[in-house]
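Residues take their numbers from the sequence shown, with the count starting at 1.
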Amino acid sequence: MRRKMDSKALVDPSRNRFPYCVVWTPLPLITWILPFIGHMGICTSAGVIRDFAGPYTVTEDDMAFGNPTKYWQLTPSKAEADSWDSAVHQASEEYKRRMHNLFCDNCHSHVARACNLMRYDGSSSWNMVKLGFYMVIYGKYTSCGGFLKTWLPFMIVSLVVITVVVLSVTLTHAT
């Protein structure tokens with residue numbers, strides 16, 4: 001059964017309030033090389049961020065790797081659980097008792113669990129790959145600074161790699 005929820009909740013990046021959103025922030029070093037991989041959290045109806053920050057740790061309004069640079073605002077009326085907040089709370093309580101695993105049970109898994117509990121969009125098959133893909137497609141940057149924080153390190157690393165390759169090829173052919 002679908003529940004009526006406030007679908008006019010306003011996102012306010014200046015106050016770090018992202019009602020009904022999945023939020024994302026870059027991971028140092030990893031995002032510099034693969035800019036679509038980062039740290040993810042899910043927000044309550046009031047915009048409070050919950051993220052699986054590490055083993056047995058779910059933080060509230062203190063993302064493990066800094067403030068969000070991207071967000072994807074979901075449609076609360078597509079949640080079928082008793083309430084959005086109860087699904088976020090239940091997923092967070094469950095992940096407070098879990099060991100973090102970078103590849104199999106991580107921040108994306110925590111968000112997927114919340115989406116599965118609320119049967120978001122009628123689905124109980126949310127997973128880290130699907131969420132990551134949707135964040136790339138539907139995510140919006142919080143600001144120009146958020147865009148730069150996400151992409152500038154990647155561009156610098158790419159330019160350094162290209163420069164080194166070009167110089168090494170040039171020097172090899174010069175000798």
Side-chain angles (χ1 to χ4, degrees), residues 11-18 20-43 47-74 88 91-92 94-116 120-121 123 125-175:
V11 168
D12 186 356
S14 66
R15 291 181 47 241
N16 262 347
R17 286 294 170 253
F18 302 89
Y20 304 111
C21 288
V22 174
V23 292
W24 185 94
T25 195
L27 287 168
L29 301 176
I30 295 172
T31 307
W32 299 358
I33 298 165
L34 301 167
F36 52 87
I37 295 178
H39 182 65
M40 187 175 280
I42 189 163
C43 302
V48 176
I49 302 167
R50 304 299 305 268
D51 73 302
F52 184 38
Y56 315 107
T57 306
V58 176
T59 64
E60 185 169 299
D61 266 350
D62 186 24
M63 281 188 86
F65 297 94
N67 292 336
T69 60
K70 288 178 78 171
Y71 67 94
W72 168 33
Q73 190 166 36
L74 304 177
V88 172
S92 297
E94 183 177 320
Y95 272 78
K96 284 180 183 177
R97 297 185 306 273
R98 291 179 106 148
M99 180 58 134
H100 189 277
N101 179 305
L102 187 59
F103 299 105
C104 301
D105 203 12
N106 55 36
C107 57
H108 290 67
S109 306
H110 168 248
V111 173
R113 181 67 180 140
C115 290
N116 287 332
Y120 185 75
D121 204 18
S123 175
S125 61
W126 290 91
N127 60 55
M128 65 176 109
V129 174
K130 184 176 182 178
L131 283 165
F133 180 72
Y134 281 8
M135 181 56 83
V136 168
I137 292 174
Y138 299 117
K140 297 178 182 177
Y141 290 95
T142 57
S143 65
C144 181
F147 176 84
L148 290 174
K149 186 176 176 186
T150 301
W151 288 98
L152 189 59
F154 171 73
M155 290 187 277
I156 291 169
V157 168
S158 297
L159 286 172
V160 167
V161 168
I162 290 168
T163 301
V164 167
V165 168
V166 168
L167 286 175
S168 69
V169 168
T170 304
L171 291 174
T172 303
H173 285 37
T175 57

So which pairs with a foot in residues 98-113 pass salt bridge (Lys or Arg N to Asp or Glu O under 4.0 Å), sequence neighbours left out?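 Listed once each, the pairs are Glu94-Arg98, Glu94-Arg113, Arg98-Asp105.
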The complete set of salt bridge (Lys or Arg N to Asp or Glu O under 4.0 Å) pairs with one or both residues in residues 48-58, sequence neighbours excluded, reads Arg50-Glu60
Can you tell me how the ring of [X] sits relative to the ring of [Y], calling it parallel under 30°, perpendicular over 60° and tilted otherwise?
X	Y	result
Phe65	His39	perpendicular
Phe18	Tyr71	tilted
His110	Phe52	tilted

State, yes or no, whether a side-chain contact exists between [X] and [Y] at a heavy-atom distance under 4.5 Å.
X	Y	value
Lys149	Thr25	yes
Val111	Cys107	no
Ser125	Asn127	no
Pro68	Asn16	yes
Thr150	Phe147	no
Cys115	Ile42	yes
Tyr138	Val22	no

Spatial distance of atom [atom1] ([X]) from atom [atom2] ([Y]) [nearest 0.5 Å]:
X	Y	atom1	atom2	answer
Met135	Phe36	CE	CZ	14.5 Å
Thr172	Leu167	OG1	CG	10.0 Å
Ile37	Leu102	CD1	CG	9.0 Å
Thr142	Trp24	OG1	CH2	10.5 Å
Leu29	Leu34	CG	CG	11.5 Å

For Lys140, look at atom NZ and say whether over 12 heavy atoms of other residues, nucleotides or ligands are found less than 6.0 Å away.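 Counting other residues, nucleotides and ligands, NZ of Lys140 stays at 12 neighbours or fewer.
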What are the two closest non-hydrogen atoms of [X] and [Y], and how far apart are they?
X	Y	value
Pro26	Thr69	CD-OG1, 3.5 Å
Pro35	Trp151	CG-CZ3, 3.3 Å
Met99	Pro55	SD-CB, 3.4 Å
Ser123	Lys130	OG-NZ, 3.6 Å
Cys43	Ile49	SG-CG1, 3.6 Å
Cys21	Val11	SG-CG2, 3.8 Å

Which one of Leu152, Val157, Ile156, Leu27 satisfies the side chain to side chain contact (heavy atoms under 4.5 Å, CB included) criterion with Trp32? Val157
Is a donor on one side and an acceptor on the other found under 3.5 Å between the side chain of [X] and the backbone of [Y]?
X	Y	value
Asp61	Val48	no
Ser109	Asn106	yes
Trp126	Tyr120	yes
Thr31	Pro28	no

Cation-pi check, Lys70 to Tyr141: give yes when NZ or CZ is under 6.0 Å from the six-membered ring centre and within 45° of the ring axis, no otherwise.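 Here Lys70 passes the 6.0 Å and 45° test against Tyr141.
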